[in-house]
Amino acid sequence: MGRIPGLTARQGDARPGSGTSIQIRNMGSPLYVIDGIQSEEGQFNNLGLSDIESISVLKDASAAIYGMRASNGVILVTTKRGKLGKPVVNINGYYGQQNFTQYPHPANAYQHQRGLVEAEQNRAQVERRAPNPVVDPVKGTVLTAEELEKWRTASDPAYKSYDYYDMVFRPNVPQYYVNGNVSGATDNMSYYLSGSYLDQKALIEDNYFKRYNIQANLEAKVTPRLRLGTQLYGRTEFRHTAGVPGLDDYFNPFLSVFSMWPTESPYANDNPNYVNQTHNINVNPATYKESITGYNDDDWRAGKMNLYGQYDFDFGLSVRATGSYNYTTNTFNGFEYTYNGYRYNPTTQTYDLVPGGGNQNPWREQRRRAIIERSGQIQLTYVKQLGDHGLTATAAYERYDTDNRFNIVHTVPPNNTIPIQYFANQDYLYDEVSEVARAGYAGRVGYNYKQKYLLELLGRYDGSWLFAPDSRFGLFPAVTAGYRITEEPFIKNNAIGNILTELKLRGSYGITGSDPSGLAPYSYQQGYDFGSGASVFNGNYTIGVRPRGLPITTLSWVRNKTTNLGLDFGLWGGKLSGAFDVFARRREGLPAPRYDVLIPLEVGYGLPNENLNSDVTRGLEGVLTYAGTASPGFTYSVSGHATIARRFDLDIYKQRFGNSWERYRSSYINRWGDIGWGYQAIGQFQSQQEIADYTVDNDGQGNRTQLPGDIIYKDVNGDGVINYLDERPIGYLQGGNPLVTFGVNTSLGYKNFTLTFDIVGAGMQTYQREWELLIPFQNNGTSPAYMLEDRWHRADPYNADSPWVPGKYPAIRRDAGGQANYNRRSDFWIKTVRYVRLRNLELAYSLPKPWLGKVGLSGVRVYMNATNLLTFSTLNDIDIDPEVAASNGLGYPPQRLLNTGLSVTF
């Protein structure tokens, strides 16, 4: 990522085996086309790393040739083919170690205990009373100043601090990859055969991801004009986790870092044979072992076969037929064990079983999914050169359908030993069948004159299974044009042509159709939905039905109108080159209801959506590249690119407002999309006197709950009260891809050495801190160390008259989410994300060929590389990676990966 302008990527959760959210110009998930076949994102993310020949991106109206799924752009992938010559065998692999780029560390025991004392001191001041004694929730003793000092010095083993970050996460976790492939071609046959294996351990024990890939690309020249070929893909993915309670087995381990108290041991009396019944045992890391809590296996297996034949006539016409069949299965097998919790009795020196403790909810579940994808294409291509005139034409028919079947069987197992599911233990059954079908006719005609004037007309007549049979198809045209000014004689035949070697103007406009969101299959039909509710009649459990509502016949395609204007240039034979684009995609007919037409509630349903709303995504994009040679053996290439793309809402169906404030706050018409509203923090109270003299009601309670260090909100309308009327735009899109991206890609070569590195960055993105990153002692847990350290506090937590010591964060309140510092969305907690990251760095050395010839090798390359080595971000102060999406920070962050690899070619 970071090498293609206009391509934005974010790995909001980087757990082993996860993919990356990729968008083209922030328009949504693109269409993936792998070897000419429309494919799903999962197939793209799990291709063999060594099997990819090239990746290209269609960003303008030329993507319209791929039909209704191409409105967000198209990513084209071509896998490797054999090249003419003797067989080439390559073996390559790497071994690496992973660590998190960033993740907050929890408070230690002293910070935690001190924070509890301070929280009571602060609460007492707000409530105008003397502080109550604070009881240590683990030991049951009062946290006196002497006790607190013991926690600070940690000289007594009974005052040990437990670091749950180190208990949950392992450092330097391995990841390795190996691939072997053989390729070659003769005059009549080409082949590429490949197999690879990827093993990625998680930083959490007993969790891992493994993937196997095989690939075979074969093509035979049966006659001088007839070619037959196939592409065979196979992959197996294994995701294994310990069976932590809850469907997401990665969430609880991250949660435990801030839910466990650093004063309590995961094991009773620190004895690893007995799980301690902590205050919240479900997040006790002692249970995150497969032998204690069980296991979850999530396996995917896929096999895909493309078959094609192409006949080339002698007058420029080619006929190609392609068929594709993909079969994918997913099996989830989960077994969560019961286990006991214990407490140590120092008097009797026994480990006492806690009645009802531990986890007494056995859980056993299997899920199975089988997906069949079928695709067929027939394509006619005509290419003819008539003197200075070039003509190309394409006509094609394409059909695609899927059959997706899914079921769940859940049981309550009687023990932790037998995994077999019995009907007597079953308490849940789910069965689902879904189908998708699309078809389209495509045509394209291209013309060029001396490669100077270029024109292409294309269109697509597409049909979707979502619409009624008599209205399934729609026509979507497009046009692209280019003008290579440097082919004109007044440049080409003059001195300027030696400098300006390429100058091209280009433009495109096209319309594509896309399925409206939220439209269920067969919505155009009346009838009933089976399985909607149930009742008991005469002692029999009876499944109910519900009327489907009005048939949806007025909702059709969303029409996407894409415009792109661009300039390409090259100087000094391409030594300096670049491209600049301005683009827009207007969507018309976004689904929305006519809420001004009322239907009585007794009817039981409302009016269906119609094509009523519209928006546009606008942006700019540019890339500059400088490449060449400096001295014998030294080559270089430096390229920089940047993109800004943002949605603008054009029209919303008949928005209604009661006053001018509502129009300002809630209108979406002619406004930038994804605006985050909230309160503006203009400072923090510096003293109790400042609070007493402050005339604005800052907390909604006459400032009775305010303390020095608390956030001061801007009274925008000047009415003396902070409330929703003071909210203003304070952020951008939260949780999505950044609106601005940029990158610098550099490659240096000297003789047999190469050094490459990619620097990427982004901006105009918002991260809002919530829950564990916002509220001290959230949900009776603990907090990041910096929140309990860099805070406003009294110099002496036992003396309410001691002076206030300033800090970054407000004075501590314990688990007080309703307090004014925390219950208002403000720019004190909301961060505008900007970052620059050294995404990739690689140093490689290729052994000299004269050395290799003596041992029968044609190439040996040794390399070391690093991913996410350095990051400079506006979130560095809270130890959150800028790509993490979870607002509480409890997501698996990207890894810093250091690899050593070897590639050998025979």
Side-chain angles (χ1 to χ4, degrees), residues 112-135 143 661 665 677-728 730 768-783 787-830:
H112 177 89
Q113 300 287 62
R114 183 188 61 193
L116 294 177
V117 175
E118 288 182 13
E120 172 56 26
Q121 184 185 54
N122 296 331
R123 180 178 178 181
Q125 179 169 337
V126 169
E127 296 177 355
R128 311 311 193 257
R129 60 170 175 81
N132 294 321
V134 178
V135 178
L143 279 172
W661 161 255
R665 176 64 176 84
W677 290 72
Y679 297 91
Q680 301 170 2
I682 58 175
Q684 293 171 267
F685 289 114
Q686 300 298 303
S687 66
Q688 199 66 47
Q689 187 61 46
E690 182 183 3
I691 296 172
D693 295 340
Y694 201 65
T695 58
V696 176
D697 186 357
N698 194 67
D699 63 352
Q701 300 184 52
N703 297 336
R704 291 185 297 106
T705 68
Q706 302 286 259
L707 292 175
D710 284 355
I711 303 167
I712 304 174
Y713 301 110
K714 184 176 181 179
D715 183 16
V716 179
N717 63 356
D719 64 355
V721 178
I722 300 299
N723 56 29
Y724 71 98
L725 297 174
D726 296 303
E727 291 187 359
R728 293 296 183 270
I730 60 171
Q768 179 181 359
R769 297 169 62 176
E770 294 183 298
W771 309 116
E772 282 72 19
L773 297 183
L774 172 69
I775 304 168
F777 302 104
Q778 155 68 18
N779 198 25
N780 196 28
T782 190
S783 293
M787 287 184 64
L788 300 187
E789 188 66 31
D790 192 3
R791 79 287 177 216
W792 279 74
H793 62 282
R794 295 278 189 182
D796 183 351
Y798 295 97
N799 183 358
D801 295 324
S802 61
W804 282 97
V805 179
K808 179 178 180 179
Y809 295 103
I812 296 172
R813 274 76 158 191
R814 182 179 180 182
D815 203 4
Q819 206 272 336
N821 289 314
Y822 315 117
N823 67 356
R824 289 172 172 167
R825 176 185 167 93
S826 77
D827 56 12
F828 185 91
W829 302 106
I830 286 176

Evaluation steps, side chain to side chain contact (heavy atoms under 4.5 Å, CB included), between Asn821 and Tyr809: CA-CA 10 Å; Asn821 289 314; Tyr809 295 103; over 6 Å; no

Asp693/Gln689 under side chain to side chain donor-acceptor pair (under 3.5 Å): CA gap, chis, key distance, verdict: CA-CA 6 Å; Asp693 295 340; Gln689 187 61 46; 3.0 Å; yes

Does any N or O in the side chain of [X] come within less than 3.5 Å of the main-chain N or O of [Y], such that one atom is a donor and the other an acceptor?
X	Y	answer
Glu127	Arg129	no
Arg824	Ile722	yes
Asp697	Gln701	yes
Tyr679	Tyr724	yes
Asp726	Asn717	yes
Asn780	Asp815	no
Tyr713	Ala820	yes
Trp804	His793	no

Criterion side-chain hydrogen bond (donor to acceptor under 3.5 Å, both in side chains) against Arg813, the qualifying member of Thr705, Asp710, Asn122: Asp710

Partner of Glu118 under side-chain hydrogen bond (donor to acceptor under 3.5 Å, both in side chains), chosen from Arg791, Arg123, Arg814, Gln113: Arg791

Note: Glu789-Arg114 ion pair, threshold 4.0 Å (strictly below):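 Between Arg114 and Glu789 there is a salt bridge, with a charged N closer than 4.0 Å to a carboxylate O.
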
Stepwise side chain to side chain contact (heavy atoms under 4.5 Å, CB included) test for Ile712 and Tyr694: CA-CA 10 Å; Ile712 304 174; Tyr694 201 65; 3.2 Å; yes

Polar side chain donor-acceptor pair, Gln768 to Arg825, under 3.5 angstrom: yes

Other residues, nucleotides, ligands: >12 heavy atoms within 6.0 Å of Trp771 CH2: no

Qualifying residues under salt bridge (Lys or Arg N to Asp or Glu O under 4.0 Å), relative to Glu690, sequence neighbours excluded: none

Side chain to side chain contact (heavy atoms under 4.5 Å, CB included) evaluation trace for Asn799 with Arg794: CA-CA 8 Å; Asn799 183 358; Arg794 295 278 189 182; over 6 Å; no

Ring geometry between Trp661 and Trp677 (parallel below 30°, tilted from 30 to 60°, perpendicular above 60°): perpendicular

Parallel, tilted or perpendicular: ring planes of Trp829 versus Tyr822, cut at 30 and 60 degrees: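 Correct class here is tilted.
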
